[in-house]
Amino acid sequence: MITKLDSMLLPRKKFIYHYKNVRWARGRHETYLCFVVKRRVGPDTLTFDFGHLRNRSGCHVELLFLRYLGALCPGLWGYGATGEKRISYSVTWFCSWSPCVNCSIQLCQFLNKTPNLRLRIFVSRLYFCDLEDSLEREGLRMLTKAGVRISVMSYKDYFYCWQKFVDCKKSNFKAWEELHQNSVRLTRKLNRILQAWDLEDLRDALKLLGF
DNA sequence: ATTTTCAAT
């Protein structure tokens with residue numbers, strides 16, 4: 001089943017509809033995740049697999065991805081008893097929404113147990129991040145602390161996804177209006193979220209400086 | 001000016 005998913009390319013309309021970084025993304029009751037799995041061999045990385053997933057019946061797409069990860073990354077967990085060496089992987093994913101707080105927590109826990117997996121996340125839009133004290137914001141900070149680099153997708157990322165994951169029939173990616181402005185706005189917003197001082201950290205820093 | 005968000009029906 002997973003191989004079928006992998007070999008399928010996203011229809012153009014679907015990609016545009018779900019990845020459009022518009023301010024008010026009305027009615028998109030689905031989330032898509034395009035991924036590239038790379039195997040790390042010494043200093044080199046080799047593309048191992050790629051494809052896309054969609055959320056299913058009450059399961060957010062990030063957790064669905066974790067479910068498939070064992071199949072996508074053979075040897076990720078190694079065979080401790082026989083002393084077999086674990087294989088290192090790098091995963092980059094491009095998701096139409098940023099993760100909810102629950103997914104962020106589960107991802108952090110998963111990555112903690114899997115130091116030989118590196119994760120890089122690109123998102124098209126920020127999910128429930130409007131309120132200053134939203135848990136989703138905190139989740140993104142947690143992921144960053146867990147070593148995950150999170151970025152908002154820019155033109156070059158959409159362009160890359162179009163070539164890699166979309167059934168584009170060699171047609172060039174055409175940016176929608178405001179792609180750039182929206183990407184810049186969301187990047188600023190994400191930076192503000194990730195740079196937010198933790199109150200405890202701030203107290204520690206002030207104490208250290210003698211205040 | 002205001003609008004939405006990994007549905008539920």
Side-chain angles (χ1 to χ4, degrees), chain A residues 1-2 4-6 8-37 50-72 91-111 119-144 146 148-154 157-158 161 164-166 175-194 196:
Chain A
M1 182 190 170
I2 183 82
K4 258 185 193 160
L5 282 171
D6 286 344
M8 268 192 338
L9 291 172
L10 267 167
R12 283 180 279 189
K13 274 185 159 175
K14 201 160 258 188
F15 175 80
I16 296 288
Y17 181 67
H18 286 285
Y19 279 87
K20 221 171 191 179
N21 61 359
V22 287
R23 184 90 174 86
W24 308 109
R26 185 194 295 270
R28 286 156 180 80
H29 299 297
E30 291 177 338
T31 297
Y32 283 80
L33 189 160
C34 295
F35 62 86
V36 178
V37 177
F50 71 94
H52 72 268
L53 290 171
R54 197 198 78 193
N55 65 302
R56 304 273 164 192
S57 57
C59 182
H60 281 191
V61 72
E62 295 90 336
L63 302 185
L64 204 59
F65 182 81
L66 286 187
R67 270 195 224 164
Y68 287 140
L69 199 62
L72 286 170
V91 168
T92 301
W93 85 38
F94 303 85
C95 206
S96 51
W97 285 114
S98 61
C100 76
V101 64
N102 179 46
C103 289
S104 291
I105 290 169
Q106 302 221 34
L107 275 168
C108 284
Q109 289 172 344
F110 187 92
L111 291 168
L119 180 61
R120 174 86 168 96
I121 295 180
F122 289 88
V123 301
S124 190
R125 298 181 302 266
L126 297 171
Y127 186 71
F128 279 112
C129 283
D130 284 348
L131 297 176
E132 200 70 39
D133 59 352
S134 90
L135 290 172
E136 271 63 30
R137 286 184 176 222
E138 191 54 38
L140 297 181
R141 287 191 284 267
M142 283 177 54
L143 278 171
T144 302
V148 181
R149 250 182 88 203
I150 312 170
S151 306
V152 168
M153 287 172 73
S154 65
D157 305 311
Y158 292 110
C161 285
K164 184 98 184 162
F165 305 106
V166 177
W176 49 88
E177 257 187 69
E178 315 232 303
L179 180 154
H180 181 66
Q181 293 96 307
N182 287 334
S183 174
V184 168
R185 176 177 54 79
L186 288 168
T187 297
R188 281 205 204 104
K189 187 168 174 175
L190 178 63
N191 286 342
R192 275 199 301 275
I193 291 169
L194 296 183

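In what follows, every chain begins at residue 1, and chains take the letters A, B, ... in the order their sequences are listed.
Between the P atoms of B/dT5 and B/dT9, the separation comes to 15 Å (whole Å).
Taking a centre distance below 5.5 Å and an interplanar angle below 30 degrees as the stacking criterion, A/Y127 does not stack against the six-membered base ring of B/dT5.
Rounded to whole Å, the distance from CH2 on A/W93 to P on B/dC6 is 17 Å. Following rounding to the nearest Å, A/R23 (CZ) and B/dT5 (P) show an atom-to-atom distance of 14 Å. With rounding to whole Å, A/F128 atom CZ is found 10 Å from B/dC6 atom C1'. Between the CZ atom of A/R137 and the P atom of B/dT5 there is a distance of 19 Å, rounded to whole Å. Note: CG (A/N102) to C1' (B/dC6) measures 11 Å, nearest angstrom. Separating the CG atom of A/D130 from the C1' atom of B/dT4 is a distance of 9 Å, rounded to the nearest angstrom. In this structure, A/Y17 atom OH and B/dT5 atom C1' are separated by 12 Å, rounded to whole Å. Counting to the nearest Å, the P atom of B/dT4 and the CG atom of A/L186 are 17 Å from each other.
Within 3.5 Å, a donor on the side chain of A/W24 pairs with an acceptor on the base of B/dT3, or the reverse.
Figure legend: A/K164 and A/F50 shown as a cation-pi pair, the cationic atom lying under 6.0 angstrom from the six-membered ring centre and within 45 degrees of its axis. Judged by a 6.0 Å distance limit and a 45° cone about the ring axis, A/R120 is positioned over the six-membered ring of A/F122.
For the atom pair CZ of A/F165 and CG of A/L33, the computed distance is 9.0 Å after rounding to the nearest 0.5 Å.
Under the 3.5 Å distance criterion, with hydrogens and angles disregarded, no donor-acceptor pair is assigned to the side chains of A/S104 and A/R141.
Within the nucleic acid shown, A/S98 comes within 4.0 Å of at least one base atom, counting heavy atoms only.
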